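Okay, so here's the structure we're looking at.
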Amino acid sequence: MPSELSPTAKAPPPMRALSGIQPTGRFHWGNYFGAIRQYIELQTAGEAFYFIADLHALTTVRDPARLRSLVHAAAVDLVALGLDPAQATLFVQSDVPEVTELTWLLMTVCPMGLLERCHAYKDKKTRGLPADAGLFTYPVLMSADILAYDATVVPVGEDQVQHIEVCRDLAGTFNHLYGDVFTLPKPRLVEGGAKVPGTDGQKMSKSYENTIDVFEDLAAQKKKIMRITTDSRPMEEPKDPQGDHLYELYSLLASEAKRMEMEALYRRGGFGYGEVKKALVEAAADFFATARSRRAELEADPGRIEAILADGAARARRKAGAVLARAREACGLSRGASAPGRKA
Ligand code: ADP
Ligand code: TRP
């Protein structure tokens, strides 16, 4: 039996993390704590590829100038938040055309039923809204995004796990038909599957208009925080901090010592929510202070971000080109030396 040390045991593939983020609006705290923070942590654990999913965003953002500006802003924000282009490959999805070709190859092995069950399309359909083929086939493009880079780990939120299952299915079918072409990826959920609450206590989301954006102007941010909904229990009453959305937000942003102080304050009672909100305003300003100043520097030098993205695209294309060549060869698209009439 081959032991772990046996020369015949296949070494596990090196960890290669990959994820995409849609540029459909400015990043909010939910995006940061639910996704971006984890990408940044993973960049030192192995190879990492992160991209701005502009092709996916095309199904919702129909204004070209807005799309261009959102893509640029997303890149600036990610680098300001700590995504290090020396450690991770950062690029724009549409700068790698190999991925759209790979999408077609995967489309030919994708059963309609699989896509009909995917939630983005299904939700629209049940609400009686028109859906385009882009939305319908969205999980196939996402699969190509992942498979093009031989990703082993895909850090995502709960909502994307279904799409990674689709990706594994398509890769499995393709491999079954044509040989061992694709690496099967695994999703990696944010620890505890944390859902960051919004200003109204529901999940923070652009669609609920309850977001606090990472880089919004501090005065506007303060106003929003001071308007966070709270319950009307009397100030003297001790309160359980668990499940209190104001406390949950504070815990994400404050130091551990300050969080413990706040927890004790809740349990003791005799405080006002206004105090907690003020503490949250300060904690948020402190937490993102370095990112804000990095962002200001990057904004003053737009060429720098474009250079980072161009370099990222070149690296990404090299990798995706090799995987696509493998896939073309395997399914009979590449004629190479065996082409009829071609001399060896
Ligand atoms: P929105 O709901 O505002 O449209 P997106 O769907 O674009 O946000 O989210 C992008 C990423 O951020 C996803 O990986 C998602 O799981 C994560 N995310 C978004 N909102 C939250 C939240 N409130 N809590 C935790 N993660 C979140
Ligand atoms: N669909 C993802 C989202 O909406 C974004 C995305 C596109 C993605 N391609 C991907 C995420 C590949 C992970 C891997 O959040």
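Here, residue 1 is the first one in the sequence, and each next residue gets the next number. What you see is a predicted model; the values in this text were computed from it and never measured. Whatever order the structure lists ligands and atoms in, that order sets their numbers, starting from 1.
Within ligand 1, the atoms closer than 4.0 Å to a non-hydrogen atom of Gly34 are 25 (C), 26 (N), numbered from 1 in the order shown. Proximity to Lys206 (heavy-atom distance under 4.0 Å) selects the following atoms of ligand 1: 1 (P), 3 (O), 4 (O), 7 (O), 8 (O). Of all atoms in ligand 1, listed by their number and element, those nearer than 4.0 Å to a heavy atom of Asp159 are 15 (C), 16 (O). For ligand 2 and Ile146, the ligand atoms under 4.0 Å from any heavy atom of the residue are 12 (C), 14 (C). Contact atoms of ligand 2 toward Leu18: 14 (C) (distance under 4.0 Å to a heavy atom of the residue). Close approach to Lys203 involves these atoms of ligand 1, each under 4.0 Å from a residue heavy atom: 20 (N), 21 (C), 22 (C), 23 (N). For ligand 2, the atoms sitting less than 4.0 Å from at least one non-hydrogen atom of Tyr138 are 1 (N), 2 (C), 3 (C), 4 (O), numbered in the order shown with element in parentheses. Of all atoms in ligand 1, numbered sequentially from 1 with element shown, those under 4.0 Å from a heavy atom of Gly157 are 14 (O), 16 (O). Ligand 2 places these atoms under 4.0 Å from at least one heavy atom of Ser19: 11 (C), 13 (C). With ligand atoms numbered from 1 in the order given, ligand 2 contributes 9 (N), 10 (C), 12 (C) to contacts under 4.0 Å with heavy atoms of Phe51. Proximity to His56 (heavy-atom distance under 4.0 Å) selects the following atoms of ligand 2: 7 (C), 9 (N). Atom numbering of ligand 2 starts at 1 in the shown order; those under 4.0 Å from a heavy atom of Gln22 are 4 (O). Remark: ligand 1 atoms within the under-4.0 Å shell around heavy atoms of Met204 are 20 (N), 21 (C), 22 (C), 23 (N). Using a 4.0 Å cut-off to heavy atoms of Asp145, the atoms of ligand 2 that qualify are 7 (C), 9 (N), 10 (C), 12 (C).
For the pair Val156 and ligand 1, the shortest N or O to N or O distance does not fall below 3.5 Å. For ligand 1, none of its N or O atoms has an N or O atom of Glu158 under 3.5 Å away. Between Ser207 and ligand 1, no pair of N/O atoms sits closer than 3.5 Å.
Taking 4.0 Å as the cut-off, Gln160 does not count as a neighbour of ligand 1 on heavy-atom distance. No heavy atom of Ile21 sits closer than 4.0 Å to any atom of ligand 1. Within the structure, the closest approach of Gln22 to ligand 1 does not fall below 4.0 Å when heavy atoms are considered.
The pair Asp244-Lys239 does not count as a salt bridge, with every side-chain nitrogen at least 4.0 angstrom from each carboxylate oxygen. Using a cut-off of 4.0 Å between Lys/Arg side-chain N and Asp/Glu carboxylate O, Arg326 and Asp150 are scored as salt-bridged. Classification of Glu216 and Lys224 as a salt-bridged pair holds, one side-chain N sitting under 4.0 Å from a carboxylate O.
Using a 4.0 Å cut-off between heavy atoms, Val154 contacts ligand 2 through its side chain alone, with no backbone atom that close. Contacts with ligand 2 closer than 4.0 Å are made by no heavy atom of Ile164, backbone or side chain. At a heavy-atom cutoff of 4.0 Å, ligand 2 is contacted by the side chain of Gln160 but not by its backbone. Heavy atoms of Thr211 found under 4.0 angstrom from ligand 1: none, in either backbone or side chain. The side chain of His28, and not its backbone, has at least one atom closer than 4.0 Å to an atom of ligand 1 (non-hydrogen atoms only; side chain from C-beta on).
Looking only at atom types and distance, the side chain of Gln43 has no donor-acceptor partner in the side chain of Asp84 under 3.5 Å away. Between the side chains of Asp54 and Ser94, a donor-acceptor pair is found at a separation under 3.5 Å. Side chain to side chain, Glu248 and His245 fail the donor-acceptor criterion of an N or O pair below 3.5 Å. With 3.5 Å as the limit, one finds a donor-acceptor pair spanning the side chains of Thr89 and Arg315. Side-chain contact annotation: Gln202 with Asp200, donor-acceptor N/O pair under 3.5 Å present.
Using a 4.5 Å cut-off on side-chain heavy atoms (C-beta onward), Tyr273 and Leu280 make no contact. Side-chain contact check for Leu298 versus Arg304: some heavy-atom pair is nearer than 4.5 Å. Counting only heavy atoms from C-beta outward, the side chains of Arg317 and Pro97 approach each other to under 4.5 Å.
Scanning the protein heavy atoms around atom 5 (C) of ligand 2, the nearest turns out to be Gly20 O, 3.4 Å.
The aromatic rings of Tyr149 and Phe91 lie tilted to each other, with the angle between the two planes from 30° to 60°. By the 30° and 60° cut-offs, the orientation of the rings of Tyr50 relative to Tyr39 is parallel.
Across all their heavy atoms, Ala171 and Leu184 have their closest contact at CB-CD1, 3.6 Å.
Aromatic ring centres of Tyr138 and Tyr121 lie farther apart than the 6.0 Å criterion allows.
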